[in-house]
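In this chain, numbering begins with 1 at the start of the sequence shown.
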Amino acid sequence: METVATSVAVIGMRHLDDAEFDRWVRLLEERTGVIVPPERKPFLETGLRRRMRETGHTRFDAYYDELFDGARGAMEWACLVDHLTVHETHFFRHLPSIELIRDEWLPGWLDSAAPDVSLHALSVGCSTGEEAYSLALMLDVELARVAPSRRFGVTATDVSQAALVLARAAEYPMRRLAEIPVAYRGGVELLPDGESFRIMDRLRKRIGFACVNLLHASRAPLRKLDIIFCQNVLIYFARERRGEMLDALVGLLQPNGLLVLGPGEAPGWSHPQMRRVGGRQTLAYLRNTERDPA
Ligand SMILES: C[S@@+](CC[C@H](N)C(=O)[O-])C[C@H]1O[C@@H](n2cnc3c(N)ncnc32)[C@H](O)[C@@H]1O
């Protein structure tokens with residue numbers, strides 16, 4: 001029989017009132033930078049409920065308090081964050097950005113970088129891996145064509161551990177194969193089940209996935225990068241914060257390094273060390289060639 005306490009708890013579970021919603025929004029923003037506007041309340045509530053069902057919680061407030069309970073709270077937060085962030089992604093999601101790298105940036109980089117230097121790219125907010133694999137599939141083909149001795153590596157980061165597990169597995173349903181241009185499908189293999197494909201080991205080995213919060217990217221042990229690809233992440237951040245995040249990414253770029261954002265993702269942002277490159281279909285910046293002052 002349902003006790004009074006349980007029925008109150010169930011009612012609490014059913015309704016996230018405005019004050020509680022604000023509290024959750026603040027927590028998410030403090031910890032990830034992501035903001036949830038009021039019209040996205042159902043998204044936040046659904047994500048919370050899903051995780052609370054998994055953990056047997058019935059009250060939003062009790063669950064909230066548990067997230068501050070030392071290491072246990074930190075572990076629970078790591079699971080919850082996956083339910084509160086948007087992971088939608090595709091292979092070659094924004095083709096003009098890939099073409100900009102391939103046709104405009106790469107030839108110049110190959111001319112200027114010493115022959116033994118390898119190329120390093122970063123995919124920020126990589127979700128389930130498609131963005132990082134798109135870069136790798138393209139670089140694999142293009143470097144083999146014009147500079148076969150060049151090596152490359154991709155680091156891909158996200159705040160969601162669950163997304164990273166899928167990214168590392170590198171297996172995708174067959175219908176997603178159509179997202180990959182035919183010229184870049186050489187790096188995938190069809191699986192015996194006939195329903196899925198996988199990124200080949202030789203490419204997977206070139207990609208390192210890591211759980212890094214973009215808010216702390218400047219402190220992450222990342223090497224200086226030639227390409228930073230950051231699309232469809234900053235759109236979830238408050239405008240004021242986007243500039244700080246972009247400034248931090250600039251600090252991770254090599255001279256002549258390329259920062260590729262999604263069109264419209266950095267309104268009004270500029271940086272003394274960066275200049276806009278590419279056409280109107282893309283939003284990309286090249287870092288100037290002067291090194292940081294020591
Ligand atoms: C919509 S997906 C974008 C995926 C991919 N970049 C693309 O454009 O297809 C946004 C990703 O950003 C991640 N994300 C959100 N806040 C983050 C943060 N503070 N640090 C790192 N990743 C974050 C989410 O977990 C999610 O996987």
Margin query: Before you tell me yes or no, could you show the steps for V159 and L214 under side chain to side chain contact (heavy atoms under 4.5 Å, CB included), namely the whole-Å CA-CA distance, both residues' side-chain angles and the distance that decides it to 0.1 Å?
Written below: CA-CA 8 Å; V159 77; L214 176 55; over 6 Å; no
Within-4.5 Å side-chain heavy-atom neighbours: [X] and [Y]:
{"X": "M52", "Y": "F60", "value": "yes"}
{"X": "I98", "Y": "V260", "value": "no"}
{"X": "L122", "Y": "L222", "value": "yes"}
{"X": "L249", "Y": "C230", "value": "yes"}
{"X": "V124", "Y": "I228", "value": "yes"}
{"X": "L190", "Y": "M174", "value": "yes"}
{"X": "E130", "Y": "T128", "value": "yes"}
{"X": "E171", "Y": "L191", "value": "yes"}

Where [X] and [Y] come nearest, the two heavy atoms and their spacing:
{"X": "A284", "Y": "L258", "result": "CB-CD1, 4.2 Å"}
{"X": "P267", "Y": "R242", "result": "CD-NH1, 3.7 Å"}
{"X": "L110", "Y": "A147", "result": "CD2-CB, 3.8 Å"}
{"X": "N256", "Y": "S112", "result": "ND2-OG, 4.1 Å"}
{"X": "A136", "Y": "I207", "result": "CB-CD1, 3.7 Å"}
{"X": "L203", "Y": "G187", "result": "CD1-CA, 3.9 Å"}

Cluster link [X] to [Y], ILVMFWY, side chain under 4.5 Å:
{"X": "V86", "Y": "M245", "result": "yes"}
{"X": "L253", "Y": "L234", "result": "yes"}
{"X": "F229", "Y": "L286", "result": "yes"}
{"X": "I101", "Y": "L137", "result": "yes"}
{"X": "I199", "Y": "V141", "result": "yes"}

Strictly by modelled atom types, are [X] and [Y] linked by a side-chain donor-acceptor pair under 3.5 Å?
{"X": "H87", "Y": "T85", "result": "yes"}
{"X": "W269", "Y": "D247", "result": "yes"}
{"X": "E66", "Y": "H57", "result": "yes"}

Checklist line | L177 and V188: CA distance, side-chain angles, deciding distance, side chain to side chain contact (heavy atoms under 4.5 Å, CB included) verdict | finding: CA-CA 9 Å; L177 189 61; V188 311; 3.8 Å; yes
Side-chain atoms of residues 69-79: list all donor-acceptor pairs with protein atoms under 3.5 Å, sequence neighbours left out, distances to 0.1 Å.
residue: D69; atom: OD2; partner: R72; partner atom: NE; Å: 3.2
residue: D69; atom: OD2; partner: R72; partner atom: NH2; Å: 3.0
residue: E76; atom: OE1; partner: R51; partner atom: NH2; Å: 2.8
residue: E76; atom: OE2; partner: R51; partner atom: NE; Å: 2.7
residue: E76; atom: OE2; partner: Y63; partner atom: OH; Å: 2.5

What residues form a ring pair (Phe, Tyr, Trp, His ring centres under 6.0 Å) with [X], not counting sequence neighbours?
{"X": "F237", "answer": "none"}
{"X": "Y64", "answer": "W24, F68"}
{"X": "F92", "answer": "Y184"}

Margin query: Less than 4.0 angstrom from a charged side-chain N to a carboxylate O is my criterion; do D140 and R202 meet it?
Written below: yes
Check: According to the ring-ring contact (aromatic ring centres under 6.0 Å, His included) rule, which pairs have a member within residues 242-265, sequence neighbours left out?
Finding: none
Item checked: Of all pairs that satisfy ring-ring contact (aromatic ring centres under 6.0 Å, His included), the ones with a partner from residues 110-154, not counting sequence neighbours -> Y133-F209
Between [atom1] on residue [X] and [atom2] on residue [Y], distance to nearest 0.5 Å:
{"X": "Y172", "Y": "H90", "atom1": "OH", "atom2": "NE2", "answer": "13.0 Å"}
{"X": "I227", "Y": "L119", "atom1": "CD1", "atom2": "CG", "answer": "5.0 Å"}
{"X": "K205", "Y": "D201", "atom1": "NZ", "atom2": "CG", "answer": "5.5 Å"}
{"X": "I35", "Y": "R26", "atom1": "CD1", "atom2": "CZ", "answer": "14.0 Å"}
{"X": "M200", "Y": "R206", "atom1": "CE", "atom2": "CZ", "answer": "13.5 Å"}
{"X": "T32", "Y": "H216", "atom1": "OG1", "atom2": "NE2", "answer": "10.0 Å"}

Residue pairs fulfilling side chain to side chain donor-acceptor pair (under 3.5 Å) with at least one residue in [range], sequence neighbours excluded:
{"range": "residues 228-240", "result": "S97-Q231"}
{"range": "residues 144-161", "result": "D82-S160, E142-R145"}
{"range": "residues 274-285", "result": "none"}

Please list, chain by chain and in numerical order, all residues satisfying salt bridge (Lys or Arg N to Asp or Glu O under 4.0 Å) with [X], sequence neighbours excluded.
{"X": "D103", "answer": "none"}
{"X": "R241", "answer": "E29"}
{"X": "D17", "answer": "none"}

Next item on the list: Decide side-chain hydrogen bond (donor to acceptor under 3.5 Å, both in side chains) for E131 and S123; before the verdict, give the C-alpha distance in whole Å, the side-chain angles of both, and the deciding distance to 0.1 Å.
Entry: CA-CA 7 Å; E131 184 176 276; S123 159; 2.8 Å; yes
Donor-acceptor pair, [X] side chain versus [Y] backbone, under 3.5 Å?
{"X": "E179", "Y": "F91", "result": "yes"}
{"X": "K41", "Y": "V36", "result": "no"}
{"X": "R287", "Y": "V250", "result": "yes"}
{"X": "W105", "Y": "E99", "result": "no"}

Item checked: Step-by-step salt bridge (Lys or Arg N to Asp or Glu O under 4.0 Å) determination, R49 to E45 -> CA-CA 6 Å; R49 281 195 213 189; E45 197 168 333; 2.9 Å; yes
Check: Could you walk me through whether L164 and C126 pass the side chain to side chain contact (heavy atoms under 4.5 Å, CB included) check?
Finding: CA-CA 8 Å; L164 290 168; C126 65; 3.8 Å; yes
Next item on the list: Can you spot which of V233, I235, L246 makes a side-chain contact (heavy atoms from CB on, under 4.5 Å) with L261?
Entry: L246
